[in-house]
Amino acid sequence: MSDSYLRTDFDSSDANLTYRKILAPIFRLVPFIAPFKGLFAVTLITMVLYHLSAVLVSAASAWAVTKMVSEVDAGSHLIPIFVCLGAAVLGAGVFMWLNSWYAHLLSYKIIARLRIYIYSAIARINPAGLQKRRTGDLATATMADLEATEWFYAHTIADIIASFVTSMLLTIPLVMVLGLAGLLPLAGAWVILALPLLTLPIQMRQGVRLRENLSNLKAASLEGVQGIRDIICLGLTEKFVHETQENTDHVQRANRSYALRSGLEKSMEDVVVTLLTIGMLLIMLQQYLDGRLSLILIPIIQVGISAVLRVVISVAGMLRKLGEIAAATARFLLINDAPATVTDVPDPIPMLMESDDSFIRFKDVHFSYPEGKPVLRGVDLEIPPGKTVALVGQSGSGKTTLASLLLRLWDVDRGSIQIGDRDIREVSRNDLRNYVTLVSQSPYVFRGTVRYNLSLGAPDATDEQMWSALEAARLREVIEALPEGLDALLGERASNLSGGQKQRLNLAQAFLRDSPVVVMDEAVSHLDPELELELNIATFSLLRGRTTLIIAHRLSTIERADMIALLDGGVIAQAGTHKDLVGTNPRYAEILANQLRPREDNQQAAKVSE
């Protein structure tokens, strides 16, 4: 299995799985019930009452039949029995409905909280903890794997306790009537419960294989949907269909293996029930022949025996899914327990939204990615308040890394980054990311309305402010042309917007945020020259007075910056104005020439095509 998958401590081929290791994820699910202990208690009580009501229905029915068979004039005695039977049927129905309602309410409340935990964990460990994990695999963990725990909360934990309580309560009258022989149904019940527990290591291996194959199928399907345009254009449709079929076959084989083992356990369970039922009938017959048991009691006792077995049979069916639940839970916990690579100090310093305090200083910054070569080898850079610095360098030189460090997506290995007189590690990440706005190179636009996406920048923004931001980003005319305007629905990944329009929408969000510090990562790289120039004028006008770090390859962007910083070899090789660097630094001139050549080639190609 590739490292891109969520790898747990379990292996589908591991022959040394211990019960402690297997049950550890299941036990980890129990504490999540604590905030809902009242709801859990109601679920448990209604389940016990349902079991007892169901037993009373069978017992009253058997008693009525026995009375009718054994007594010639049994009419007067049947009225209270039928009243009891009616009440028991009503109670069984009501308690079943209540139990189903509260059990699922409990499970969905817990799953909702677990989903918040896992999304918080993803935000906590991003980006370092997600580098080798597929998006589809994470989506499976946050959705399908969590949904698998619903079986545990709604159909397992409360049912096990209720079945234990019910079987013990039913065993008491059986012992009172049959003596020690009345313990045999309880012993048989434990044998039935032991069957799925004995096969738990096999269950676990099958569960791991099933969850991995399901995750692989869903991840590949998600990637196929996202990349369907490229798949079709490259003529890879048949290959994609073939891979999907292979993944589906893997899932089906895992399901068949799981079903075969479950079916064998069910067959053994039926054998135990049959042998125990025949054995108890023989015991009761012998006691009747010995004069120790009334014949009229045998049907009622048989109902009690069947009830003891019935409540544990339902639990045994749930236990047969324990391996899959444990495997799914382990995948969820793998993300939930992942350590954060960037953490806040215990008492962070408040960060005030004042541009006068927006002086940025990179001091001897060293950084390397995990298992990678050093990217930054001692960066020293100062950005005065309200000034714009363009960071220039070859692709892969560390420009985006420097911006990521400023946002504390990563922490420096050595050195420090300061805003004002504060080391950014001493302020909370939330304060820092409210203080610093990122205009991304490839912004993600959520499926939703234009209004919704703009509100992510400023939740309390008015329509007037939104239109002003769109106008500043030169996107107002585009949105006004849509029938619904601000309420126009954007497709998946804003497929109805061009790359440049997505960046302008991202820029409009930045204008709404009104942060003292702005980081622009090639924010105009998808625009035509005319629109790029127009947008640059608007952008630099609106960014006046804000401390800005621009990561750009475009000459039009670079020329408007107050200062240029050339990042080369992991250090700031030179800093100054464009005029200073272009005349004195051959490396800077070479980088500009390399970056401008593709544009010239494209313009020449456009002329030829005309």
Nearest heavy atoms of [X] and [Y], plus distance in Å:
| X | Y | result |
| --- | --- | --- |
| Ala158 | Leu44 | O-CD1, 3.4 Å |
| Met268 | Leu195 | CE-CD2, 3.7 Å |
| Tyr19 | Pro201 | OH-CD, 3.7 Å |
| Arg408 | Thr343 | NH2-O, 3.0 Å |
| Leu170 | Ala307 | CD1-CB, 3.6 Å |
| Gly323 | Met204 | O-SD, 3.7 Å |

State, yes or no, whether a side-chain contact exists between [X] and [Y] at a heavy-atom distance under 4.5 Å.
| X | Y | result |
| --- | --- | --- |
| Ile33 | Lys37 | no |
| Val251 | Asn255 | yes |
| Lys109 | Arg113 | no |
| Ser314 | Arg310 | no |
| Arg447 | Leu489 | yes |
| Leu217 | His250 | no |
| Ile301 | Leu174 | yes |
| Leu178 | Met280 | yes |

Side chains of [X] and [Y], donor plus acceptor under 3.5 Å:
| X | Y | value |
| --- | --- | --- |
| Glu212 | Asn216 | no |
| Arg320 | Gln203 | no |
| Asp249 | Gln245 | yes |
| Glu246 | His242 | yes |

Is it true that atom [atom1] of [X] has more than 12 heavy atoms of other residues, nucleotides or ligands lying nearer than 6.0 Å?
| X | atom1 | value |
| --- | --- | --- |
| Phe152 | CZ | yes |
| Phe32 | CZ | yes |
| Leu289 | CG | yes |
| Asp347 | CG | no |

Kindly compute the distance separating [atom1] ([X]) from [atom2] ([Y]), expressed to the nearest 0.5 Å.
| X | Y | atom1 | atom2 | result |
| --- | --- | --- | --- | --- |
| Phe27 | Leu23 | CZ | CG | 4.5 Å |
| Ile26 | Leu200 | CD1 | CG | 8.5 Å |
| Gln287 | Leu293 | CD | CG | 5.5 Å |
| Ile325 | Leu29 | CD1 | CG | 8.5 Å |
| Ser167 | Ile172 | OG | CD1 | 10.0 Å |

Any donor-acceptor pair under 3.5 Å linking the side chain of [X] with the backbone of [Y]?
| X | Y | result |
| --- | --- | --- |
| Asn336 | Phe332 | no |
| Thr156 | Tyr153 | no |
| Ser428 | Asp431 | yes |
| Ser262 | Ala259 | no |
| Ser163 | Ile160 | no |
| Ser61 | Val57 | yes |
| Arg429 | Val342 | yes |
| Gln509 | Asn453 | yes |
| Thr199 | Pro196 | yes |
| Asn99 | Thr46 | no |

Worked check of side-chain contact (heavy atoms from CB on, under 4.5 Å) between Leu193 and Leu319: CA-CA 8 Å; Leu193 291 178; Leu319 292 180; 4.0 Å; yes

Please confirm whether the ring centroid of Tyr119 lies under 6.0 Å from the ring centroid of Tyr117.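 Ring centroids of Tyr119 and Tyr117 are no less than 6.0 Å from each other.
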
Full working for side-chain contact (heavy atoms from CB on, under 4.5 Å) between Val55 and His51: CA-CA 6 Å; Val55 172; His51 283 318; 5.5 Å; no

Kindly indicate, with the supporting measurements, whether the criterion side-chain contact (heavy atoms from CB on, under 4.5 Å) is fulfilled by Tyr369 and Trp410. CA-CA 9 Å; Tyr369 289 102; Trp410 303 85; 3.6 Å; yes

Candidate pair Glu324 and Arg211, rule side-chain contact (heavy atoms from CB on, under 4.5 Å), full reasoning: CA-CA 7 Å; Glu324 184 182 355; Arg211 300 313 300 185; 2.8 Å; yes

Does the pair Lys266/Asp270 count as a salt bridge with the N-to-O cut at 4.0 Å?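 Yes.
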
Before accepting this row, confirm whether a basic side-chain N of the pair Lys218/Asp145 lies closer than 4.0 Å to the acidic partner's carboxylate O.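 Salt bridge flag = no for Asp145 with Lys218.
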
Can you tell me how the ring of Trp97 sits relative to the ring of Trp101, calling it parallel under 30°, perpendicular over 60° and tilted otherwise?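 Parallel: the ring planes of Trp97 and Trp101 meet at under 30°.
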
Go through it in stages, so that I can follow the logic: the residues are Arg115 and Glu147, the test is salt bridge (charged side-chain N to carboxylate O under 4.0 Å, His left out), and I'd like the CA-CA distance, side-chain angles, deciding distance and then a yes or no. CA-CA 10 Å; Arg115 192 160 283 131; Glu147 292 295 337; 3.0 Å; yes

Are Gln286 and Asp290 close enough, and set up right, to give a side-chain hydrogen bond (donor to acceptor under 3.5 Å, both in side chains), and what steps lead you there? CA-CA 6 Å; Gln286 185 61 51; Asp290 293 341; 3.1 Å; yes

